[in-house]
Amino acid sequence: MAEIRFENVSKIYADKTVAVDNINLTIKDKEFVVLVGPSGCGKSTTLRMLVGLEDISEGKLYIDDKCVNKLPPKDRNIAIVFQNYALYPHMTAYENLAFGLKIKKVKKKEIYKRVMNAAEILEIEDLLGKKPKAMSGGQKQRVAIGRAIVREPKIFLFDEPLSNLDAKLRVQMRIEIAKLYHRLKTTIVYVTHDQVEAMTLGDKIVVMDKGKIQQIGTPENLYTHPNNLFVAGFVGTPPMNIIKGKIISENNVAKFISDGEELTVNLPTKNKLEAYINKEIVMGIRSEDVKCDTNIDINKFATIEREILFIEQLGHEIYVYFELQKKQLISRMKPDHSMQKGKKIKLSFSIEKMYFFDNNTEQLIENAMN
Ligand code: ADP
């Protein structure tokens, strides 16, 4: 059993930096949770408080209903895998795996059993006689994970474990970590700044920014129901298109008009946005909901004409770049040879797929289109 609970936890460093600001988070036993957010958002500080390497300034941290604020790291039974592997260079992989257990005076036979078991799980049996300098980045990372496994901890923490690997290896290791979770069935907290990594790994993702939890959800939930502008812009590739504007009333019908007045959207009647008439507002739309088709239902789409600035070819799809409000606007579609740089085309925005955010609070205006 290893349930983790942060209750109103904050970390204020000596220089008064509020690194973590009143977070509440429960990580259930055997859950795989990913903490994700841009650099400086407080992920590592959260992890360090969990391990016990950093004091908690305010609030309480519980592991299995026991407050651990004052419990030293060695008594928490948590293993951490770091980005830089932290292997001993003069030791073989076997010795690296065995070292922590030796220190703890675990019997030789038991050490052998645990090391061989971890080596089998990670498929590194043939590396055991090698020293780190003779291993690739991916192999070193496996040994580093093995070192955590042999400790048989209650909780595994991964702190940006794939950051030093090249793109292809990262994808491969991601799959391996997902597989490892199914074999180990322990509580895992995984930290990354990479939203793609977070989305592909976690069932439960905690999005952080500026020391605060912005949203907790499944990958699908974060993508389709972002709570606020930050999550809308952070989750998803390419990021959501953001267009500023205001709501006006014309002949008793609410409309969204973009700043610059290029885009006008007739909103459905009886809409929550009616409360925003004459107020500034922010509209967001995913790149797949900005279409370049000519056969569209004009009641369901708002259109503007734009010039193609650039096309990014990804093989199975293309990103077509335009400009609106001096910012890039992206439409994502299947490869289409009629799309060419410099061409002017009609762009259609699916009204049903628009998100509207309060300009001041940046929160999603709930059920904006209902
Ligand atoms: P992340 O892991 O998301 O990049 P961190 O938890 O490392 O973020 O940092 C959160 C904030 O706390 C940042 O503003 C960082 O500069 C600050 N910070 C981190 N460690 C210290 C420290 N020892 N003293 C003062 N400020 C710190």
Side-chain angles (χ1 to χ4, degrees), residues 4-27 31-63 68-73 76 78-86 137 141 144-145 148 155-165 167 170 173-174 177 187-202 204-217 219 222 226-237 239 362:
I4 303 162
R5 204 163 78 243
F6 289 88
E7 265 185 27
N8 304 108
V9 168
S10 295
K11 173 69 191 180
I12 302 145
Y13 283 109
D15 65 358
K16 304 222 161 45
T17 304
V18 182
V20 172
D21 190 358
N22 195 21
I23 62 165
N24 284 291
L25 173 65
T26 301
I27 297 165
E31 205 168 30
F32 190 141
V33 170
V34 183
L35 296 187
V36 65
S39 176
C41 73
K43 308 178 294 289
S44 303
T45 303
T46 305
L47 216 57
R48 290 169 65 80
M49 288 192 287
L50 183 52
V51 197
L53 295 174
E54 211 67 74
D55 284 340
I56 293 170
S57 313
E58 281 165 24
K60 286 194 165 155
L61 172 64
Y62 294 90
I63 298 177
V68 296
N69 283 38
K70 297 274 175 259
L71 195 69
R76 296 193 187 193
I78 299 177
I80 184 159
V81 179
F82 294 104
Q83 165 182 354
N84 59 7
Y85 321 127
Q141 190 52 279
I145 295 171
I155 300 166
F156 279 90
L157 305 184
F158 287 88
D159 190 3
E160 305 256 3
L162 309 184
S163 296
N164 287 339
L165 304 179
R170 287 170 76 110
M173 281 303 285
R174 235 154 53 195
I177 289 174
T187 310
I188 297 184
V189 185
Y190 188 105
V191 161
T192 177
H193 65 277
D194 180 346
Q195 58 92 17
V196 177
E197 199 167 298
M199 298 285 270
T200 49
L201 264 177
K204 178 157 144 185
I205 299 175
V206 179
V207 184
M208 291 186 70
D209 187 41
K210 301 195 178 91
K212 288 194 165 79
I213 293 178
Q214 302 291 327
Q215 190 167 351
I216 302 173
L222 296 173
N227 276 350
N228 56 37
L229 260 181
F230 175 79
V231 177
F234 186 74
V235 168
T237 314
E362 302 198 341

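Each ligand, and each atom within it, is numbered from 1 in the order the structure gives. Computed from heavy atoms alone, side chains included, the values below leave out hydrogens, waters and symmetry copies.
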Trainee: As an exercise, state the distance from CD1 of I12 to CD of E58, rounded to the nearest 0.5 Å.
Mentor: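 Between atom CD1 of I12 and atom CD of E58 there are 4.5 Å.
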Trainee: With heavy-atom distances below 4.0 Å as the criterion, list the atoms of ligand 1 near T17.
Mentor: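 Result: 12 (O), 14 (O), 17 (C), 26 (N).
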Trainee: Does either side chain, that of N228 or that of Q215, offer a donor lying less than 3.5 Å from an acceptor on the other one?
Mentor: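 On atom types as modelled, these side chains do not qualify, holding no pair under 3.5 Å.
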Trainee: Starting from atom 24 (N) of ligand 1, what is the nearest protein heavy atom, named by residue and atom, and what distance separates them?
Mentor: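 Its nearest protein heavy-atom neighbour is Y13 CG, 3.4 Å.
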Trainee: My question is simple, although I want it checked carefully: is atom 21 (C) of ligand 1 less than 4.0 angstrom from any protein heavy atom?
Mentor: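 Given the 4.0 Å limit, the answer for atom 21 (C) of ligand 1 is yes, a protein heavy atom qualifies.
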Trainee: Within this structure, what is the NE2-OG distance for the pair H193 and S163, rounded to the nearest 0.5 Å?
Mentor: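 Atom-to-atom, H193:NE2 and S163:OG are 5.5 Å apart.
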Trainee: Could you tell me whether the side chains of E160 and S44 share a donor-acceptor contact shorter than 3.5 Å?
Mentor: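 No.
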Trainee: For T45, take its heavy atoms, then give the atoms of ligand 1 lying under 4.0 Å from any of them.
Mentor: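 It comes down to these atoms of ligand 1: 5 (P), 6 (O), 9 (O).
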Trainee: Do we see a donor-acceptor contact under 3.5 Å between the side chains of T192 and D194?
Mentor: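 Short answer, no.
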Trainee: Atom CG of L222 and atom CD1 of I205: how far apart are they, to the nearest 0.5 Å?
Mentor: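 Between atom CG of L222 and atom CD1 of I205 there are 5.5 Å.
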Trainee: As an exercise, state the distance from CD1 of I4 to CD1 of I155, rounded to the nearest 0.5 Å.
Mentor: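 Output value for this atom pair is 3.5 Å.
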Trainee: For ligand 1, which atoms have a heavy atom of P38 less than 4.0 angstrom away?
Mentor: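 Ligand 1 atoms under the 4.0 Å threshold to P38: 3 (O).
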Trainee: For atom 8 (O) of ligand 1, what is the closest protein heavy atom, and at what distance to 0.1 Å?
Mentor: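 Heavy-atom neighbour on the protein nearest atom 8 (O) of ligand 1: G42 N, 3.2 Å.
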Trainee: Can you report which non-hydrogen protein atom sits closest to atom 1 (P) of ligand 1, along with the distance?
Mentor: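 Among all protein heavy atoms, the one nearest atom 1 (P) of ligand 1 is G40 N, 3.4 Å.
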Trainee: Specify the protein heavy atom at minimum distance from atom 7 (O) of ligand 1: its residue, its atom name, and the distance to 0.1 Å.
Mentor: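 Looking at atom 7 (O) of ligand 1, the protein heavy atom closest to it is S44 CB, 3.8 Å.
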Trainee: May I ask whether G37 places a heavy atom under 4.0 Å from ligand 1?
Mentor: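 Contact check G37 vs ligand 1: negative.
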Trainee: Numbering the atoms of ligand 1 from 1, which are under 4.0 Å from a heavy atom of C41?
Mentor: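 Contacts of ligand 1 toward C41, numbered from 1: 1 (P), 3 (O), 8 (O).
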Trainee: To check your reading of the model: name the closest protein heavy atom to atom 12 (O) of ligand 1, its residue, and the distance in Å.
Mentor: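 Heavy-atom neighbour on the protein nearest atom 12 (O) of ligand 1: A19 CB, 3.3 Å.
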Trainee: Taking atom CG of L157 and atom CG of D159, what is their separation to the nearest 0.5 Å?
Mentor: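 Rounded to the nearest 0.5 Å, the CG-CG separation comes to 8.5 Å.
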Trainee: Answer yes or no for atom 16 (O) of ligand 1: protein heavy atom present at a distance under 4.0 Å?
Mentor: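 No; the ligand atom in question lacks any protein heavy-atom contact below 4.0 Å.
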